[in-house]
Participant: 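The structure that follows is given in the form of structure tokens.
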There are 2 protein chains.
Amino acid sequence: MSTAEQDQRAIFRDYIDAVGLQAMAGAEAAGLQASEWYALSRISAAGGLTSGELAAGTGLTTGATTRLIDRLERAGYVRRATDPADRRKVLVEAVPDALGEVEAAVAPARRRIGEVLGEYTPEQQALLFDYFSRAAPAFRAATEEIRAATRKKAATRKKKER
Amino acid sequence: MSTAEQDQRAIFRDYIDAVGLQAMAGAEAAGLQASEWYALSRISAAGGLTSGELAAGTGLTTGATTRLIDRLERAGYVRRATDPADRRKVLVEAVPDALGEVEAAVAPARRRIGEVLGEYTPEQQALLFDYFSRAAPAFRAATEEIRAATRKKAATRKKKER
DNA sequence: TGCATTATCTGCACACATGCAGATATTAGG
DNA sequence: CCTAATATCTGCATGTGTGCAGATAATGCA
């Protein structure tokens, strides 16, 4: 590996670390646990999920998911609605107004990054936003990859314990 | 707010969200809680901290910090060393080898983002890395700002409870 | 209609992170 | 030296997130 390549790795690692810590702090400021923040993100991205779908996505049991929804609902971030087509199902939807709370948690980062972005030309800014829009799906895919691997590892460990 | 501005807000929000979720998944894969990941990041960034400094940084009590260090030590991420100048102090240092574990958790993101970056010209890549190196400190500052505000809010709430 | 299946919820137990108060060890100041 | 201050650790209690097993409600099929 060239030294330039190493530098890039270090810069990237440092950057990811900083963004990640910022996001965690934001979640904490919004009063959300990691699992809750993850669930809320999925719910709002999908425009609503059933309890079961959420359980599958988070890797939690259905029981734990019920409690997770309880907490999000009590905090005002989501609401329950019964699926009219199948009344056993519970549709969990994000409450639009409450997302402002999450938005507020990101505000400091937005302001500070805004200052950084202001130092670039409009053309350069456009490039950076192009990157943001392409990188987001890539990060989401990486997240699923990591979670899948983690779950697999946990399952293997459990199997060995028998 | 113009629609273009709104678009930018949405893109940025989405991007932060995706990076944050990825980081959390990485932390989970490494077997670390959010607070532990945050602590480890501070320790390795500072090249070693005392227990007290870590307590101040995380906002935890000294007792809780002792347990936090216990967990990180047991997991092999850090080691304790007594400060030769003041033997009351405990220096907490990151174990270099173990950081590979954390590095591995970031690997999927690095690979996928590498693919995205590969679609840009070398000049554009240079710009993006320039941004990374400038944005990281900005995100760290935002993190401290959020944490300070969160702690203040918690203190106020506690005061009202009396 | 009756029974199996599915979706969600509830009761119980457990693990674990954290705060608080007091204990221990070390240093600093008189 | 003796005492106060400082840094960390330990015992205890508490809140909370989660799994598991069984309960409840709704659907689908024979």
Participant: For a quick check of understanding: with a heavy-atom distance under 4.0 Å over all strands, which category does B/Thr50 fall into, base, sugar-phosphate or nothing?
Facilitator: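 Since only primed, P, OP1 and OP2 atoms lie under 4.0 Å of B/Thr50, the category is sugar-phosphate.
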Participant: For A/Arg88, enumerate each residue passing the salt bridge (charged side-chain N to carboxylate O under 4.0 Å, His left out) test, keeping only those at least two apart in sequence or located in another chain.
Facilitator: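 Partners of A/Arg88 under the salt bridge (charged side-chain N to carboxylate O under 4.0 Å, His left out) test: A/Asp86.
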Participant: How close or far is atom P of C/dT18 from atom CG of B/Asp70, stated in whole angstroms?
Facilitator: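 Roughly 12 Å, once rounded to whole Å.
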Participant: Check the distance between C/dT8's P and A/Arg87's CZ and give it to me in whole angstrom.
Facilitator: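 In whole Å, C/dT8 P lies 14 Å from A/Arg87 CZ.
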Participant: Which nucleotide, D/dG19, D/dA7, C/dT8, lies nearest any side-chain atom of A/Lys89?
Facilitator: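 Of all the options, the side chain of A/Lys89 is nearest to C/dT8.
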Participant: Give the nucleotide from the list D/dT10, C/dT8, C/dA25 with an atom nearest to the side chain of B/Arg67.
Facilitator: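 Of the options given, the side chain of B/Arg67 lies nearest D/dT10.
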Participant: What is the distance from CG of A/Leu68 to P of D/dT16, rounded to the nearest Å?
Facilitator: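 In whole Å, D/dT16 P lies 15 Å from A/Leu68 CG.
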Participant: Using only side-chain N and O atoms of A/Thr61, determine if any of them is under 4.0 Å from OP1 or OP2 of C/dC9.
Facilitator: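 No, A/Thr61 has no side-chain N/O under 4.0 Å of OP1/OP2 on C/dC9.
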Participant: So, is B/Thr65 close to the D/dT8 phosphate, meaning a side-chain N or O under 4.0 Å from OP1 or OP2?
Facilitator: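 Checking D/dT8 against B/Thr65, no side-chain N or O comes under 4.0 Å of OP1 or OP2.
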Participant: Rounded to whole Å, please give me the gap between CG in A/Leu54 and P in C/dA7.
Facilitator: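 A/Leu54 atom CG is separated from C/dA7 atom P by 14 Å.
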Participant: Respond yes when some side-chain nitrogen or oxygen of A/Arg71 is under 4.0 Å from OP1 or OP2 of D/dG17, and no when none is.
Facilitator: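 Answer is yes, contact under 4.0 Å.
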Participant: Let me know the distance between CG of A/Leu60 and C1' of D/dG19, rounded to the nearest Å.
Facilitator: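 That distance rounds to 10 Å.
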Participant: Is the shortest side-chain heavy-atom distance between A/Val106 and B/Arg9 below 4.5 Å?
Facilitator: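 Result no, sub-4.5 Å side-chain heavy-atom pair not found.
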Participant: Quick one: on DNA chain C, does A/Gly63 or B/Asp86 contact a more 5' nucleotide (nearest heavy atom)?
Facilitator: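 That would be A/Gly63.
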Participant: Please tabulate, for the side chains in residues 15-33 of chain B, all donor-acceptor contacts under 3.5 angstrom to protein atoms that are two or more places apart in sequence or on a different chain.
Facilitator:
from: B/Tyr15; atom 1: OH; to: A/Tyr15; atom 2: OH; distance (Å): 2.8
from: B/Asp17; atom 1: OD1; to: B/Arg13; atom 2: NH1; distance (Å): 3.4
from: B/Asp17; atom 1: OD2; to: A/Ser41; atom 2: OG; distance (Å): 2.8

Participant: Quick check on DNA chain D: between A/Pro84 and A/Gly59, whose nearest nucleotide comes earlier from the 5' end?
Facilitator: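 Taking each residue's closest nucleotide, the earlier one in sequence belongs to A/Gly59.
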Participant: Just checking A/Thr62: base, sugar-phosphate only, or nothing, at a heavy-atom cut-off of under 4.0 Å?
Facilitator: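 Base, at least one base heavy atom under 4.0 Å.
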Participant: Atom CG of A/Asp83 and atom P of C/dA7: how far apart are they, to the nearest Å?
Facilitator: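 Taking CG of A/Asp83 and P of C/dA7, I get 11 Å after rounding.
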Participant: Among A/Leu60, A/Leu40, A/Val92, whose side-chain contact (heavy atoms from CB on, under 4.5 Å) with A/Leu68 holds?
Facilitator: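 Answer after filtering A/Leu60, A/Leu40, A/Val92: A/Leu60.
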Participant: Does OP1 or OP2 of C/dA28 have a side-chain N or O of B/Arg88 closer than 4.0 Å?
Facilitator: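 The answer is no; no side-chain N or O of B/Arg88 sits under 4.0 Å from OP1 or OP2.
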Participant: What integer distance in Å separates A/Tyr38:OH from D/dG17:P?
Facilitator: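 Distance, rounded to whole Å: 19 Å.
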Participant: Under 6.0 Å between ring centres: does that hold for B/Tyr120 and B/Phe129?
Facilitator: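 No, the ring of B/Tyr120 stays outside the 6.0 Å limit from the ring of B/Phe129, centre to centre.
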Participant: Whole angstroms only, please: what is the CD-C1' distance between A/Glu28 and C/dA17?
Facilitator: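 Checked: the CD to C1' distance equals 13 Å.
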